[in-house]
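We name chains A, B, ... by the order of the sequence lines, and we start the count at 1 in each one.
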Protein chains: 2
Amino acid sequence: MSKFQDLVIQNGREIAVRPGDHLFNQGDSDSNVYFVKSGILKAYYIRADGKEHIKSFLPEGSIIGSMVALVDDDPCSFSLVAVEDGAVVGLPFSRLKEAARQDIGLANVLIDFLSVYGKRKERREYELLSLSPEERYSVLLEGMHDVAERVNQADLAAYIGVTPQALSRIKRRIKS
Amino acid sequence: MSKFQDLVIQNGREIAVRPGDHLFNQGDSDSNVYFVKSGILKAYYIRADGKEHIKSFLPEGSIIGSMVALVDDDPCSFSLVAVEDGAVVGLPFSRLKEAARQDIGLANVLIDFLSVYGKRKERREYELLSLSPEERYSVLLEGMHDVAERVNQADLAAYIGVTPQALSRIKRRIKS
DNA sequence: GGCTGTAATTAACCGAGGTTCATTTGTCGA
DNA sequence: TCGACAAATGAACCTCGGTTAATTACAGCC
């Protein structure tokens, strides 16, 4: 458990969520960071044509927030919704950042958080750029096997970047 | 010009580069951050099958480093090479991070750097996940028109995530 | 058990990008 | 100006994912 997570848990506000409950929607102003105590969240974009693409699944233990909203108070670039019953803890990031200007300990906690975030995005970028949908599915199974079993096919497909039909074909190909 | 850039420029070591010169290779241990004074760098992966995929182009004014190397001293996950004559300034990140533990001003400079990095990766993730190759090409033309003109088609294609032939077809489609 | 609605799979067809190879264009130095 | 090499484009064929629609599997409920 990182210091940043401790900090969020101890100072944040706990929220119970049910499947379909949104923490925020694309376009909202919400500069909270959220820690997932239980359940799974998904972060997703809605494109102009209505298609949904999933940025990431956030199982228990994850930390999430819209970076552009956290950093610049811009509207959130994606939506955050629960896919299972669970509990999350929310904490306003702006206050954190303010406090960090004075508090060296807090500042270093923030640095750790941002570093981990950057690493996660770097890996995701690699997967999207260098792996085929089929390979991305395999990576997902290896790295987040539990998530893969708790999330429906449509969402898995939207995470990998294909349609549910294509995912179905991929699974058949892999089996044989 | 951000404080972080100033800091790198003033404390770093300047390096002249020619096209093809590598700052580091995939797998190297190199925890330097680099500021691009002039020229263009490209950051790229080599996949198992030998294919090259380009993470990002770094024109003058950019800051770059392998996040996993900076944060954990892991081997770099990509290679960094110059595509034009130019000059870059390198600075060991680990020393920065050490110093930031004591220096609140430095810590906040780091926070700004990591925030900007996170935002950049978030946008790139969106582009890769939600845009077609053709749309990604359009976005590239709008956002980095100068880069598009200074880089060859093969590299542009590798950035968009298609073959040079496919990029050629895309250009033809767009023109008509 | 039978009904109903949703999730998951399957099928058939289409189109975009990959692959391979050929051709054209462009650049640079002799 | 010419020749040589690399870059860019073009053509032919193939594969895989998208699209649309139908079918199957499954869970909750009467």
Original post:
To the nearest Å, how far apart are Ile174(B) CD1 and dA16(C) P?
Top reply: 13 Å
Original post:
Over how many whole Å does the gap from Ile160(B) atom CD1 to dA16(C) atom P extend?
Top reply: 16 Å
Original post:
Nearest to the side chain of Arg172(A) - dA11(C), dG17(C), dA7(C)?
Top reply: dA11(C)
Original post:
If only atom types and distance count, is the side chain of Asn25(B) paired as donor or acceptor with the main-chain N or O of Asp28(B) below 3.5 Å?
Top reply: no
**OP:** Round to a whole Å and report the spacing from CG of Leu156(B) to C1' of dG17(C).
**Re:** 17 Å
Original post:
Given atom CD of Gln153(A) and atom P of dA7(C), what is their separation to the nearest angstrom?
Top reply: 12 Å
Original post:
Between CG of Leu80(A) and NE2 of His22(A), what distance do you get to the nearest 0.5 Å?
Top reply: 8.0 Å
**OP:** Report yes or no: is the cationic atom of Lys121(A) (NZ for Lys, CZ for Arg) closer than 6.0 Å to the six-membered ring centre of Tyr117(A), at no more than 45° off its axis?
**Re:** yes
**OP:** Figure out the CZ/P separation between Arg173(A) and dA11(C), and round it to whole Å.
**Re:** 14 Å
Original post:
So, is Lys171(A) near the phosphate of dT10(C), with a side-chain N or O under 4.0 Å from OP1 or OP2?
Top reply: no
Subject >> Geometric cation-pi criterion, Lys55(B) with Phe78(B): 6.0 Å, 45° >> reply: yes
Original post:
For DNA chain D, whose closest nucleotide is more 5', that of Arg169(B) or that of Pro164(B)?
Top reply: Pro164(B)
Subject >> CZ/Arg95(A): more than 12 non-hydrogen atoms of other groups inside 6.0 Å >> reply: no
Subject >> Atom pair distance, as rounded to whole Å: CZ in Arg136(B) and C1' in dA16(C) >> reply: 13 Å
**OP:** Specify the separation, in whole Å, of atom CD of Glu149(A) and atom P of dA7(C).
**Re:** 19 Å
Original post:
Just how far, in rounded Å, is P of dA16(C) from CD1 of Ile170(B)?
Top reply: 11 Å
Original post:
Can you check whether Gln26(A)'s main-chain N or O pairs, donor with acceptor, with Ser79(A)'s side chain at less than 3.5 Å?
Top reply: yes
Original post:
Between Phe113(B) and Phe4(B), how do the two ring planes meet: parallel, tilted or perpendicular, split at 30° and 60°?
Top reply: parallel
Original post:
Of all nucleotides in DNA chain D with an atom under 4.0 Å from a non-hydrogen atom of chain B, which is the first and which the last going 5' to 3'?
Top reply: dA8(D) to dA12(D)
Subject >> Sugar-phosphate, base or nothing in reach of Gln165(A), heavy atoms under 4.0 Å >> reply: base
